[in-house]
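To keep things clear, I will list the structure first and then write my remarks on it.
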Amino acid sequence: MEKVKVEGLNAYFSNIHALKGINISIKEKKVTAIIGPSGCGKSTFIRCINRLHEVVPHAKVSGRILFDGKDIYSSAIDPIEIRRRIGMVFQRPNPFPVLSIYDNVAAGLKLNGMKRKDDLDEIVEKTLKMAALWDEVKNKLNASGVSLSGGQQQRLCIARTLAVKPEVILFDEPCSALDPISTAKIEELIFQLKENYTIIIVTHNMQQAARVSDYTSFFLLGELVEFGKTQDIFTAPKDKRTEAYITGRFG
Amino acid sequence: MLTALSVTALTLLLIYSMVTNALPAIQKFGWHFLFTSTWDPVKEIFGALPFIYGTLVSSALALLIAVPISLGIAIYLAELAPQFIRQPLSFLIELLAAIPSVVYGFWGIFGLAPFLRTAVQPFLSKYLGFLPLFQGQFFGVGMLTAGIILSIMIIPTISSISREVFLAVPSNQREAATALGATRWETIRLAVLGYSKTGVWGAVILGLGRAIGETMAVTMVIGNRPQISVSLFAPGYTMASVIANEFTEATGKLYLSSLVEIGVILFFLTLIINGIARFLIWKVSNKAKGRIRE
Ligand SMILES: Nc1ncnc2c1ncn2[C@@H]1O[C@H](COP(=O)(O)OP(=O)(O)OP(=O)(O)O)[C@@H](O)[C@H]1O
Ligand SMILES: [Mg+2]
């Protein structure tokens, strides 16, 4: 089953042509890794999928992205709705510093109008458990979100994203600012999440892509060079440039 | 280090010379000076309460009006306005801060006061007249006029500082909210206002400082009568105005030293307000301890 199908996607920053005719199809409840050298358009690509690209001044998009068969760029679609169904975790942990740990997780729920304390409590606990953070914070839910370590903050951001029950989760290099132990925890988490979620993860780390993903796509200079099963990409890449990149001979 | 020391020394010197000059009044009236409201240069009886009251009420009124408007302006300029009008509009607002206060005063006398007397005060008394705040004769000049003039004078300060504070909010905060499915307004509320609370407090305090110390424009529109009246239509007097108005004609030694004592009170009042503000800022920023770690 394909969850997201990208057709002829182009993205621009004023006159920079950042993505050039991308076609890709993302399978449901699988992990798809996006790899490629810095500046090749990985972040831009996933930010097109939750319609976050367009909030940058002078940024433009053309082409189609079908989400459950419907084009998210058609004029009938509300981007707010899309962003609730397609969550995102950023490269740098970005909890809201004035909100408590509890309120950080509940933020999206409150936006959706959920008010009952019982409901909120339940979801906050459940998602913090899913994000493997509950045991570390259950006694200080009222502490500020930024009183946590970097890795904990990132898991808090994951919990915040999970709380609104998205169907797809986009990760933009979620571990690049973290130590190896926190990284391992988050990889473990991603592995568990794919049972219920479709996941797209940008990563600079080849081993990480190999460990967590089912499919891998290799981007270069705004183009999709190769896309396939992770195993195939890493053992028998079809394109010379892919091979060069994964064997560390460039980028 | 040396500069810090010399600034402290200068402040202490200032306090010393003011207190010595105020000594006759301090010795004569003691604490009564703060809590009595007779101001009679002929009989040489002086109490500063009407001026303290006038300063506090006119400044509070100014904040009440200016803060919401300034935040609205700042949010519009930082978040909502089309790119091409942001710069010119911000410039225009900063320009307002540069207008000499005597000009505001003139405008207050010839423009605002008559307008309030003929249009606004009758309206308020008709619909809100059951409140003691809006009862009594319409003079035009008075506490309400002073509060409005002050609010107009501090709007540029509060709004331009708040705007800069909003612009300093990292874009990853806005994106965090947007990616959660927040609308534009929700993003502003969740990511921008929360993050910049401390800075906005700072802006408000600066505005308050300006309102408390403002002399010329207030003197021209407040009516200059040392009385305490619940009605905002009634004339009043502020600490800064009474010093400016009566200093040159203060003949008696006690009269002069009473005015100086008001100056001392004004000085400590600003100090206390700053202290409270710092405490609040400290509390707010303490809650959001540390930066986001990277
Ligand atoms: N806000 C922006 N304004 C203008 N150009 C931008 C902006 N953001 C990115 N770009 C350009 O778009 C291209 C793709 O950037 P993108 O951030 O998607 O790369 P990336 O693959 O995520 O890189 P990295 O691995 O360093 O995160 C780059 O050439 C970059 O210079
Ligand atoms: Mg990137």
Side-chain angles (χ1 to χ4, degrees), chain A residues 46-47 50-58 78-100 103-112 142-154 157 160-161 163-166 169-170 172 176-178, chain B residues 71 75-87 162 165-204 280-294:
Chain A
I46 63 167
R47 289 164 61 93
N50 67 343
R51 295 197 58 173
L52 202 57
H53 180 63
E54 67 206 48
V55 304
V56 176
H58 309 299
D78 179 7
I80 306 286
E81 172 72 21
I82 293 300
R83 293 182 197 128
R84 286 187 184 162
R85 294 173 62 192
I86 305 180
M88 181 161 188
V89 176
F90 295 81
Q91 180 167 1
R92 297 240 165 91
N94 56 356
F96 301 119
V98 289
L99 298 188
S100 65
D103 286 334
N104 262 286
V105 182
L109 298 168
K110 287 184 177 168
L111 290 178
N112 286 342
N142 289 321
S144 163
V146 289
S147 66
L148 301 172
S149 76
Q152 290 172 324
Q153 285 186 26
Q154 193 63 304
C157 292
R160 179 175 70 185
T161 304
V164 290
K165 298 207 172 71
I169 305 178
L170 311 169
D172 192 353
S176 68
L178 306 181
Chain B
L71 291 187
I75 290 172
Y76 180 71
L77 286 177
E79 304 288 329
L80 304 171
Q83 218 69 32
F84 68 95
I85 60 169
R86 289 185 182 196
Q87 270 312 322
S162 302
V165 171
F166 293 155
L167 288 178
V169 175
S171 61
N172 76 10
Q173 288 287 312
R174 289 190 186 80
E175 291 190 339
T178 309
L180 273 181
T183 62
R184 210 166 187 192
W185 275 109
E186 288 166 341
T187 301
I188 291 173
R189 211 189 63 221
L190 190 62
V192 179
L193 293 182
Y195 194 92
S196 46
K197 228 189 246 169
T198 313
V200 169
W201 264 109
V204 171
L280 285 173
I281 289 174
W282 172 80
K283 252 180 73 174
V284 173
S285 56
N286 219 37
K287 201 170 136 207
K289 204 180 296 151
R291 285 280 137 73
I292 293 177
R293 298 185 198 171
E294 292 184 347

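Lettering of chains follows the sequences in order, A, B, ..., and the numbering in each one begins at 1.
Pairing each heavy atom of Gln173(B) with each of Pro97(A), the nearest pair is OE1-CD, 3.3 Å.
Arg84(A) CZ to Leu180(B) CG: the interatomic distance, rounded to the nearest 0.5 Å, is 9.0 Å. Between atom OG1 of residue Thr178(B) and atom CE of residue Met88(A) there is a gap of 11.0 Å, rounded to the nearest 0.5 Å.
Using a 4.5 Å cut-off between non-hydrogen atoms, the part of residues 182-190 of chain B that approaches chain A consists of Ala182(B), Thr183(B), Glu186(B), Arg189(B), Leu190(B).
Only the side chain of Arg47(A) comes within contact range of chain B, with heavy atoms under 4.5 Å apart. Heavy atoms of Leu170(A) lying under 4.5 Å from chain B are absent altogether. Looking at Leu52(A), the atoms closer than 4.5 Å to chain B (heavy atoms on both sides) all sit in the side chain, from C-beta outward.
With hydrogens and angles disregarded, no donor-acceptor distance shorter than 3.5 Å links the side chain of Asn172(B) to the backbone of Asn94(A).
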